[in-house]
Amino acid sequence: MSSTRLGVPLRSPGRARLVSATSATSSQTAPSSPLGSAAPAPSRAGSGASAPRTLHALVRARTPDALSAPAGSPSKRILAPSTRVHVLPDKLGQAHIDALRQLVAHLGALNVVRSSHTASVAVSLDYATVVLSEIRAPKRAERALGDEAESRGVPVLHHSWLTACLEAGIQVPHEAYQIYPRLTAPAASASASASASASALKRAASNEPASPRRHPEKILRLEESGTEEEQEQDEAYAALRGGYASAEEEEGGYGSHEEGTLPVMVPRGIDKGKGRALDVDASPSRRASASPTPPPHVVAYEGAVPAWQNSANACFRPTPIRSMFNQPLVDELEVIRVSRVLFEKNGARDQHNSAAYGRAISAIKAYPHPLAKDPKKAKEIAGVGAKIYKAVLQFYELGYVAEARAIRGDQSHAIMKSFLDFYGVGPAGARKAYQQGARSLQDLCSLGGSYSDRLGREECLRILPDLLHRIPRRECEFIAELIHDEFEKIHPGMKYTICGGYRRGKATSGDVDVVLAPDPEKAPVGDLKSLKHQTRLLHQVLEALKKKAVMTHIVSVAQPSEYYGEAIVPHCDIAEIVVLPPSLPGAGADATKRPRYRRVDIILTRAEVYGATVLGWTGSKQFEKDIRRQARQQGYKFHSTGLVRLEQPGVTLDTPQEQDIFELLGVPYMPPHLRNCDA
DNA sequence: AGGCCGTACTG
DNA sequence: CAGTAC
DNA sequence: GCCT
């Protein structure tokens with residue numbers, strides 16, 4: 001079973017706390033280290049805004065290498081917050097060491113320092129991502145590091161790497177500064193990296209993935225989608241429904257051409273025939289009878305597609321599942337974004353840093369030309385500023401972004417990232433668990449992470465690995481029908497739409513989002529009399545699902561407020577549950593394969609706001625953020641239970657269809673398949 | 001210089 | 001209130 | 001980090 005992947009062999013947790021990391025930022029609070037316990041911040045020389053200048057003076061005065069800081073000294077971070085630097089004291093005076101450490105902090109990285117005399121260098125190396133030294137001879141560096149150095153794979157760089165980063169305004173590759181391990185290619189001096197990166201460059205230009213096949217990110221992760229297993233299961237559901245071709249690769253892009261109206265490939269599998277071409281929602285259900293093998297879910301979209309525009313708002317730009325032109329770059333920047341998420345602290349300005357990457361990534365993803373042809377064009381894209389522009393240039397120059405490459409080589413990052421995939425674990429939880437020594441799901445559950453408090457460790461280990469598996473479209477449909485059927489039994493005349501990634505056309509989904517409401521067309525009389533009725537209906541359905549052993553867990557049932565001031569506003573009832581779908585009749589003999597636990601969100605809403613709810617639950621995240629920003633700008637507040645004018649917050653506008661909201665907000669209708677604005 | 005989606009639950 | 005989810 |  002795939003969960004074994006989680007049992008990654010890792011060193012025994014434990015000695016972590018020997019090391020303390022300190023960090024001082026150019027101003028304000030010294031963030032506590034994500035790894036190791038926070039040490040008291042060192043006395044900051046020159047507090048407040050004058051810090052950088054003081055630093056430069058300091059460094060210039062005490063460093064042999066001249067520090068020719070460009071006129072505009074960088075106020076933003078240059079090294080990733082995930083960069084952890086250990087300065088080798090050998091041959092460096094204390095003053096010089098201090099200056100280097102200050103520079104490290106100024107650039108936004110962490111210093112790793114030994115907390116006691118007894119701690120060995122090797123312990124520090126465990127936490128450092130780079131070691132800096134004045135030493136230039138590999139042999140000497142090796143001696144200084146000790147035996148374990150090699151196994152750790154932490155490179156020793158000459159400290160001029162730091163100033164090089166400062167000058168470039170972006171993290172630069174290690175190669176030209178690397179002393180140990182000695183690079184096989186004659187790359188010891190500045191001009192070297194060019195030849196080494198030739199092949200990488202070719203990759204970038206040809207839009208191939210920039211990351212080496214076996215980067216550590218994969219250690220704890222399951223495949224993105226379309227594992228053989230899942231494809232197979234997809235087939236099983238297809239068989240159940242009367243024979244489908246196998247799911248396409250995730251896709252949905254522009255055809256090959258310029259902006260304008262684009263013949264877009266979009267998923268189908270959802271068009272039940274009642275309603276207009278644009279109305280792609282609704283029940284996939286009764287289609288199994290359409291006998292001659294129905295086509296795969298990707299078909300030509302017939303409606304008009306908004307033209308690309310250089311907007312800072314993702315909701316104005318058509319964004320397919322994968323960029324046809326710049327996906328490798330998108331993937332590269334996403335690595336950086338995730339690392340920023342992992343290191344963001346609430347309250348600090350960090351949280352907006354990852355968001356900025358998210359917007360830039362989204363903008364690049366939607367950009368309808370290959371940047372490889374002309375990287376300079378990137379600076380004209382709204383959402384791409386000075387810093388990310390530099391990263392783009394670096395990507396096409398070298399074939400990778402130095403910071404992203406460094407992050408990929410960082411085990412701790414890979415592990416913490418994998419923790420984020422578990423329900424209830426966010427950045428803080430992932431950091432904390434890692435810091436406490438957790439390296440696997442088992443560790444995480446033992447420490448009380450994810451929902452192990454509620455479920456208990458064993459139960460967690462039984463359920464959570466299943467939830468990592470993505471859900472094929474057929475099974476999404478199967479589960480949604482199951483749920484819809486229960487609603488019909490209690491309250492006939494309900495319509496539903498499977499939202500989330502499914503509706504955006506993805507081949508597989510992380511969970512199933514089912515939005516339901518009474519359908520006025522089917523059963524005008526069957527409308528829910530009051531909000532109380534609505535809530536009761538949901539609970540009745542949950543009860544029924546539990547009785548049938550389809551639902552195994554209730555993660556939470558939201559009880560949204562009914563009042564806004566004095567006004568009663570419509571609300572959604574939301575149930576987050578875990579289901580274990582019955583094994584498929586169609587999959588018959590193949591009963592060896594047990595079904596998997598699946599996360600399902602049931603959203604019960606009302607016909608008057610059905611459009612808002614469906615829009616709100618279709619995503620992507622970036623699309624949601626940006627359509628809300630747009631709403632604000634237009635004097636509205638939008639959320640999934642409705643659209644209201646800021647002046648009359650008590651009055652929810654009728655938005656039975658998604659189109660209603662687009663119109664009111666002045667946004668061209670974007671078909672769901674072009675709302676894939678996240679990397 | 002100020003803002004960055006909006007709401008709800010858990011501990 | 002911090003953290004997390006959707 | 002980027003936009004207004």
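Convention: sequence-line order gives letters A, B, ...; per-chain numbering from 1.
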task = Measure the distance from CZ on A:Phe343 to P on D:dG1 and round it to the nearest whole Å.
result = 15 Å

ask   = Taking the six-membered ring for Trp, are A:Phe316 and A:Trp308 ring centroids under 6.0 Å apart?
value = no

task = Report the distance from atom CG of A:Asp573 to atom P of C:dC6, rounded to the nearest whole Å.
result = 17 Å

request  = Quick one: label A:Val555 by what it contacts on the DNA or RNA (base, sugar-phosphate, nothing), any heavy atom closer than 4.0 Å.
outcome  = nothing

query = Is A:Lys621 salt-bridged to A:Glu624, going by a charged N under 4.0 Å from an acidic O?
reply = no

query = Is any side-chain N of the basic residue among A:Arg470 and A:Glu475 closer than 4.0 Å to the acidic one's carboxylate O?
reply = no

remark   = Here the pair of heavy atoms bringing A:Tyr597 nearest to A:Leu580 is N-CD1, 3.7 Å

Atom-to-atom span, CD of A:Glu576 to C1' of B:dT10 - whole angstrom = 12 Å

request  = Check every strand shown and say whether A:Arg337 touches a base, only sugar-phosphate, or nothing at a heavy-atom separation below 4.0 Å.
outcome  = nothing

key: A:Tyr502 versus A:Thr508, side-chain donor and acceptor atoms under 3.5 Å   = no

message = Taking only the C1' atom of each, what is the distance from D:dC2 to B:dT7 in whole angstrom?
response = 26 Å

ask   = Taking the side chain of A:Trp617 as its heavy atoms from C-beta onward, which of C:dC6, B:dG6, C:dT4 lies nearest to it?
value = C:dC6

task = Find the distance A:His639:NE2 to B:dA8:P and express it as a whole number of Å.
result = 8 Å

query = What's the closest nucleotide to the A:Arg628 side chain, out of B:dG6, C:dC6, D:dG1?
reply = B:dG6

message = Nearest heavy atom decides the nucleotide; on that basis, is A:Lys387 or A:Gln633 closer to the 5' end of DNA chain D?
response = A:Lys387

request  = Pick base, sugar-phosphate or nothing for A:Ala631, based on heavy-atom distances below 4.0 Å to the nucleic acid.
outcome  = nothing

request  = With heavy atoms under 4.0 Å as the rule, sort A:Ile603 into base, sugar-phosphate or nothing.
outcome  = nothing

message = Rounded to whole Å, please give me the gap between CG in A:Leu333 and C1' in D:dC2.
response = 14 Å

Pairwise distance CE(A:Met416) to NZ(A:Lys432) - rounded to 0.5 angstrom = 14.5 Å

inquiry  = Please report the distance, rounded to the nearest Å, between CD in A:Gln630 and P in B:dG6.
reply    = 13 Å

task = Quickly work out the A:Gln622 CD to D:dG1 P distance and round it to whole Å.
result = 17 Å

message = Would A:Arg405 and A:Tyr400 count as a cation-pi pair here, with the cationic atom under 6.0 angstrom from the ring centre and within 45° of the axis?
response = yes

Is there any protein nitrogen or oxygen under 3.5 Å from a nitrogen or oxygen in nucleotides 2-4 of chain B, and what are the pairs?
residue, atom, partner, partner atom, Å
B:dC4, O2, A:Arg359, NH2, 3.1

ask   = Strictly by modelled atom types, are A:Tyr669 and A:Glu658 linked by a side-chain donor-acceptor pair under 3.5 Å?
value = yes

query = How is A:Gly429 classified with respect to the nucleic acid when contacts are heavy atoms under 4.0 Å: base, sugar-phosphate, or nothing?
reply = sugar-phosphate

inquiry  = Rounding to an integer number of angstrom, what distance separates B:dC4 and C:dA5 when you compare their P atoms?
reply    = 22 Å

request  = Compare side-chain N and O positions of A:Lys637 against OP1 and OP2 of B:dT7 and report whether any pair is under 4.0 Å apart.
outcome  = yes

Nearest-Å distance once atom C1' is located in both C:dC6 and B:dG3 = 23 Å

Selection from B:dT7, C:dC6, D:dG1 that lies nearest to any side-chain heavy atom of A:Asn353 = D:dG1

message = Rounding to an integer number of Å, can you tell me how far A:Leu604 CG sits from C:dC6 P?
response = 18 Å

task = Compare the minimum distances between each of D:dG1, B:dA8, B:dG6 and the side chain of A:Ala356, then state the nucleotide with the smallest one.
result = D:dG1

